[in-house]
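Accompanying notes for the structure given below.
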Amino acid sequence: MFRNLTITILILIAVPFMVSAQSFKIVPLGVKGGIDESNLSAYMVAPTGSNNYICLDAGTLHAGIEKAISNHVFTIPAEQVLRRYIKAYFISHAHLDHIAGLIINSPDDTVKNIYALESTIKTIKTDYFTWESWANFTDEGEAPLIKKYHYQILTPDSTISVKNTEMQVTAYPLSHSNLTSTAFLVNSNGAYLLYLGDTGADAIEKSQNLHNLWITIAPLIKTGKLKAIMIETSFPDEQPDKTLFGHLTPHWVMAEMNELSALTGPGALKNFDLIITHVKPPQVNIDKIKEQLKAQNTLHFNLIFPEQGTPINL
Ligand SMILES: [Zn+2]
Ligand SMILES: [Zn+2]
């Protein structure tokens, strides 16, 4: 009874803030899952009307910012977008296609936090920001410390306010073959966006992580607060299950979406924005992924295939 009362009060508080038509602006800096080092997973996200962005993964930064500038998304130089607009990084896991841009751009960057689960931060600290791999731009690990970045460890299921932004983020673990990847649930003024790093399907990964995530977000879908899900589709359906290496195909994305719809009711997902990330080249495979997702879209999602430097307004 108290729970119902709490939910009612939360709805009463949240509804007045939900009247604005838009909630988030996403600027994709990189949208692919491999090979093309100028276009690897990285998405700037800010509340509509704000330039206080977080960057969800950081595979490619500079090339994506340049593309966005050529599309008139930003009107300041690329170096200034990096330094002034990106307030923090959220790294889903330490595979290079999700962090190479952060490492390479670090000499030109300014003071900010790197948020990630403890296991991800351990890899960044031990293997990347060292004086053998690069230089230690952080305030922990191998001396001397340049003290530009500060590691902020995320605890699964606990919400933090992101410094210098208007957003809160909650991290959830994902199963990605031999390592733990991360989903980030971003909240701005009662509107939510869910970003998933690399993940395999529960059935393949012998995991409950996606199921638990769907349980967590189902109420946010039913109340219209969740604006979009960003989920990977790395391979076309021709890729055998035994060589998915902790990734999804169109078949497995839609299998997981059916699990979600069992919790929300299928009507709740009609026209819901499903943003497809981490498509792996070659282009012939990317074309297949798009066709196969459309062919299996029986829940009638609004499928969005992001382009580098082209903003998505939710
Ligand atoms: Zn990846
Ligand atoms: Zn990965």
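What you are looking at is a predicted structure, and each value in this text was computed from that prediction instead of being measured. One-based numbering, in listed order, for ligands and for the atoms of each.
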The Zn ion (ligand 2) - name of the N/O/S atom of H176 that sits closest to it: NE2
Residues forming a salt bridge (charged side-chain N to carboxylate O under 4.0 Å, His left out) with D202, sequence neighbours excluded: none
Rounded distance [0.5 Å steps], CG in N209 versus OG1 in T180: 7.5 Å
side-chain hydrogen bond (donor to acceptor under 3.5 Å, both in side chains) between E166 and N189, worked out: CA-CA 8 Å; E166 301 87 13; N189 226 352; over 6 Å; no
Which residues share a side-chain hydrogen bond (donor to acceptor under 3.5 Å, both in side chains) with E259, sequence neighbours left out: none
Ring geometry between Y43 and Y195 (parallel below 30°, tilted from 30 to 60°, perpendicular above 60°): tilted
Residue pairs passing the salt bridge (charged side-chain N to carboxylate O under 4.0 Å, His left out) test where at least one lies in residues 129-146, sequence neighbours excluded: K125-E140
Atoms named by residue and atom, protein N, O or S, within reach of the Zn ion (ligand 1) (under 2.8 Å): D97 OD2, H98 NE2, D198 OD2, H278 NE2
